[in-house]
Amino acid sequence: NFMIFIYTTCADIKEAKSLSKIIIDKKMGVCVDYWRVNSMYNWKNETKEISQVMILITTLENKLEDINEFISNNHSYSIPLIAGLDVRRINRAYKEWMCSELI
């Protein structure tokens with residue numbers, strides 16, 4: 001069972017904290033980091049520049065689908081990005097702690 005990071009952005013700090021708290025409380029993730037970011041993208045042939053809050057969830061690969069479903073059903077965006085990134089190397093002590101928390 002590999003460690004992964006799951007990345008998404010939220011509309012504001014309130015949404016980021018709300019999603020993060022549920023992810024931690026339901027033991028879907030062991031840690032959620034969040035911080036403000038500026039983003040630029042194209043939407044309906046118009047360039048948009050907005051402020052968002054990025055969240056990075058530290059979890060195990062077997063939690064990916066639960067988190068994907070949770071974010072998809074509870075996010076304010078109609079099409080949120082939910083990206084899983086494999087982590088190939090992690091120190092043993094952290095992985096042991098993480099695995100004990102996510103059972």
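Just so you know, these numbers come straight off a predicted model, no measurement behind them. What you see below is based on every heavy atom in this structure, not just the backbone, and it leaves out hydrogens, waters and symmetry mates.
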* Provide the full list of ring pair (Phe, Tyr, Trp, His ring centres under 6.0 Å) pairs with a residue in residues 10-66, sequence neighbours left out, each pair given once. =>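 For residues 10-66: none.
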* Got a sec, which pairs hit ring pair (Phe, Tyr, Trp, His ring centres under 6.0 Å) with one end in residues 62-98, sequence neighbours left out? ->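 Every pair satisfying ring pair (Phe, Tyr, Trp, His ring centres under 6.0 Å) with a residue in residues 62-98: His75-Tyr77, Tyr94-Trp97.
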* Please round to the nearest 0.5 Å and tell me the distance separating atom CD1 of Ile6 and atom CG of Leu85. => 9.0 Å
* Between CE of Met54 and SG of Cys10, what distance do you get to the nearest 0.5 Å? ->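 Here the interatomic distance stands at 10.5 Å.
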Can you get from [X] to [Y] by hopping between Ile, Leu, Val, Met, Phe, Trp and Tyr side chains that sit under 4.5 Å apart?
{"X": "Ile90", "Y": "Tyr7", "result": "yes"}
{"X": "Ile71", "Y": "Ile79", "result": "no"}
{"X": "Ile24", "Y": "Met3", "result": "no"}

* Is the shortest heavy-atom distance from the side chain of Thr9 to the side chain of Pro80 under 4.5 Å? -> no
* For the residue pair Val32 and Leu56, establish whether any side-chain heavy-atom pair is separated by less than 4.5 Å. =>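 Result no, sub-4.5 Å side-chain heavy-atom pair not found.
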* Partners of Asn42 by side chain to side chain donor-acceptor pair (under 3.5 Å), sequence neighbours excluded? ->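 Partners of Asn42 under the side chain to side chain donor-acceptor pair (under 3.5 Å) test: none.
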* Asked: Residues in side chain to side chain donor-acceptor pair (under 3.5 Å) with Arg88, at least two apart?
  ->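 If we apply the side chain to side chain donor-acceptor pair (under 3.5 Å) test to Arg88, skipping adjacent residues, the hits are Asp86.
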* Take Ser72 and Ile82, measure what side-chain contact (heavy atoms from CB on, under 4.5 Å) needs, and give me the verdict at the end. => CA-CA 8 Å; Ser72 295; Ile82 306 165; 3.5 Å; yes
Result block: side-chain N/O donor-acceptor pairs under 3.5 angstrom for residues 60-67, not counting sequence neighbours:
unit_1 : atom_1 : unit_2 : atom_2 : d
Asn62  : OD1    : Asn1   : ND2    : 3.2
Lys63  : NZ     : Lys27  : O      : 3.4
Lys63  : NZ     : Leu102 : O      : 3.3

Mind listing the side-chain donor-acceptor pairs of residues 11-21 below 3.5 Å, one per line with the distance, residues two or more places apart or on another chain?
unit_1 : atom_1 : unit_2 : atom_2 : d
Asp12  : OD1    : Lys14  : N      : 3.2
Asp12  : OD1    : Glu15  : N      : 2.8
Glu15  : OE1    : Ala11  : N      : 2.9
Glu15  : OE1    : Ser76  : OG     : 3.0
Glu15  : OE2    : Ser76  : N      : 2.7
Glu15  : OE2    : Ser76  : OG     : 3.0
Ser20  : OG     : Ala16  : O      : 2.6
Lys21  : NZ     : Asp25  : OD1    : 3.3
Lys21  : NZ     : Asp25  : OD2    : 2.7

* Asked: Counting distance only, does the side-chain N/O of Thr58 pair as donor-acceptor with the main-chain N or O of Phe5 below 3.5 Å?
  ->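 No; zero donor-acceptor contacts below 3.5 Å.
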* To do: Keeping the roles fixed (side chain from Thr59, backbone from Met28), state whether a donor-acceptor pair exists under 3.5 Å.
  =>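 Present.
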* **CD (Glu69) with more than 12 external heavy atoms under 6.0 Å** =>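 Count not over threshold, so no.
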* Asked: Where do Arg36 and Gln52 land on the side-chain contact (heavy atoms from CB on, under 4.5 Å) test, with the steps shown first?
  -> CA-CA 6 Å; Arg36 296 181 194 285; Gln52 302 182 95; over 6 Å; no
